[in-house]
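Here is the structure we will look at.
Note that the structure is a prediction, hence the values are computed from the model and not measured. Worth knowing before you read on, the calculation uses all heavy atoms, side chains too, and leaves out hydrogens, waters and symmetry mates.
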2 protein chains.
Amino acid sequence: MRDLTRAEEEVMQVLWKLKKGFVKEILEHFDEPKPAYNTVSTIVRILQDKGFVDHKAYGRTHEYFPVVSKSEYSKSHLSTFVNDYFSNSFEKMVSFFAKEKSISVKEMEEIMKIMEGEVKKQKNK
Amino acid sequence: MRDLTRAEEEVMQVLWKLKKGFVKEILEHFDEPKPAYNTVSTIVRILQDKGFVDHKAYGRTHEYFPVVSKSEYSKSHLSTFVNDYFSNSFEKMVSFFAKEKSISVKEMEEIMKIMEGEVKKQKNK
DNA sequence: AATATACAACGAATAAATTAGTTATGCAAC
DNA sequence: GTTGCATAACTAATTTATTCGTTGTATATT
């Protein structure tokens, strides 16, 4: 999956939040200074070309919606990152951030709990 | 910290690996088809402007080295990502990938072990 | 010293991304 | 039906990124 450019990503973030929307609605969710209507319109059509969104036509007006979910995209993006920066090892990545104290004790405890559940589940197959 | 462009990132990856290097050496570590010497030279000077590398001069030849470490950069990059895609919660991110089976049981067990150590260490303060 | 070599600096050419103006079309209000 | 408005499509302009040819200078070689 291709990476989103900065401008594209901003539009996708809005669409992921809205689930679907007309250009006008997407525009409303931008922070000031808002880009021009046409700027958003162009980007959304580029996203359509790239296969990230599609639209439903109501006469001449288009309602856009994501085809690639935020989860799918983040999965793809993080996999590339883990591959490039942590020799494809999630363990290395998570350990690094745990040691860097980017993850709080509370979060770590929560993560351990979830992992225990996952480990149990996957071993019972 | 600004994000690296695709070309910049490739050069940084080589420099992080080499620790330091002349343009010629950086070039050697590129896969075929290798870019032109000048391409690498330009990129490395852009990276210098952006503060990612610096150089030591030997007469007229420059030996470049990273100023921003791979760890620092990955930390910054992942923080932005976690912020944008997992409402700034490492826990949410790690849980997501655990449930997605992107993390093997073996890795999870290893992660839990490390986290236990970290939790103990941080609680003993 | 003349020539060759190596490499940094510069800058031109191209490509990709971003932004937004212009145009065309359909619909609503009168 | 004519006018005005909304919006999609198209296209131009600008900016940023990428690639690499050219030039100049220092150093090595003869």
Side-chain angles (χ1 to χ4, degrees), chain A residues 1-15 18 20-68 73 76-77 80 84, chain B residues 1-15 18 20-68 73 76-77 80 84:
Chain A
M1 192 183 302
R2 254 184 98 185
D3 255 4
L4 297 167
T5 67
R6 200 187 47 71
E8 287 166 0
E9 182 172 356
E10 283 180 47
V11 169
M12 284 307 290
Q13 288 284 2
V14 174
L15 270 179
L18 298 184
K20 61 189 162 63
F22 300 94
V23 172
K24 203 182 159 188
E25 292 172 334
I26 297 170
L27 183 58
E28 280 163 9
H29 284 78
F30 266 78
D31 290 337
E32 299 293 347
K34 292 186 203 301
Y37 176 98
N38 288 333
T39 302
V40 175
S41 164
T42 301
I43 293 169
V44 105
R45 257 174 302 112
I46 291 170
L47 286 167
Q48 186 171 266
D49 287 347
K50 291 192 177 178
F52 282 97
V53 311
D54 201 353
H55 76 268
K56 191 178 165 188
Y58 293 95
R60 255 179 68 76
T61 88
H62 293 184
E63 186 176 48
Y64 294 93
F65 55 86
V67 165
V68 174
Y73 182 73
S76 153
H77 182 81
T80 307
D84 292 348
Chain B
M1 190 183 303
R2 254 183 99 186
D3 256 2
L4 296 167
T5 66
R6 199 186 47 69
E8 288 165 359
E9 183 172 355
E10 283 181 50
V11 170
M12 285 307 291
Q13 288 283 3
V14 175
L15 271 179
L18 298 184
K20 61 189 163 61
F22 300 94
V23 173
K24 202 181 160 190
E25 292 171 335
I26 298 170
L27 182 59
E28 280 162 10
H29 283 77
F30 267 77
D31 290 335
E32 298 294 346
K34 292 186 202 301
Y37 176 99
N38 288 333
T39 303
V40 175
S41 164
T42 302
I43 293 170
V44 104
R45 261 174 300 113
I46 290 170
L47 285 167
Q48 185 170 267
D49 287 346
K50 291 192 176 177
F52 283 96
V53 311
D54 201 353
H55 76 268
K56 191 176 165 188
Y58 293 95
R60 258 177 69 76
T61 88
H62 293 185
E63 186 176 49
Y64 293 93
F65 54 87
V67 165
V68 174
Y73 182 72
S76 154
H77 182 80
T80 306
D84 292 347

| query | Which whole-number value in Å describes the distance from A:I26 CD1 to C:dT19 P? | reply | 15 Å

| query | Quick one: which of A:E8, A:E10, A:E9 gives a salt bridge (Lys or Arg N to Asp or Glu O under 4.0 Å) with A:R6? | reply | A:E10

| request: Inspect the contact between B:E28 and B:K24 and indicate whether a charged nitrogen and a carboxylate oxygen are less than 4.0 angstrom apart. | output: no

| Is the phosphate of C:dA17, meaning OP1 or OP2, less than 4.0 Å from a side-chain N or O of A:T5? | no

| Sugar-phosphate or base contact per nucleotide [nucleotides 1-15 of chain D; S, B, -; heavy atom under 4.0 Å] | ------BBBB-----

| query | To the nearest Å, how far apart are B:E25 CD and C:dA6 P? | reply | 15 Å

| field | Between C:dA17 (P) and A:M12 (CE): distance, integer Å | value | 16 Å

| request: Could you check how far CZ of B:F30 sits from P of D:dT18, rounded to whole Å? | output: 11 Å

| request: Can you tell me the distance, in whole Å, between the CD atom of B:E28 and the P atom of C:dA6? | output: 13 Å

| request: Please indicate whether B:K20 has more than 12 foreign heavy atoms, meaning atoms of other residues, nucleotides or ligands, lying under 6.0 Å from its NZ. | output: no

| request: State, with a plain yes or no, whether a side-chain heavy atom of A:L4 is found less than 4.5 Å away from one of A:L47. | output: yes

| Is any side-chain heavy atom of A:L18 closer than 4.5 Å to a side-chain heavy atom of A:F65? | no

| task | Return no unless some side-chain N or O of A:R2 is found under 4.0 Å from OP1 or OP2 of C:dA17. | result | yes

| Nearest-Å distance for atom pair NZ/C1', residues B:K34 and D:dC20 | 17 Å

| What integer distance in Å separates B:D49:CG from D:dT16:P? | 14 Å

| query | Taking atom P of D:dA17 as reference, at what distance in whole Å does atom CG of B:L4 sit? | reply | 11 Å

| Can you check whether A:L27 reaches A:F22 side chain to side chain, under 4.5 Å on heavy atoms? | no

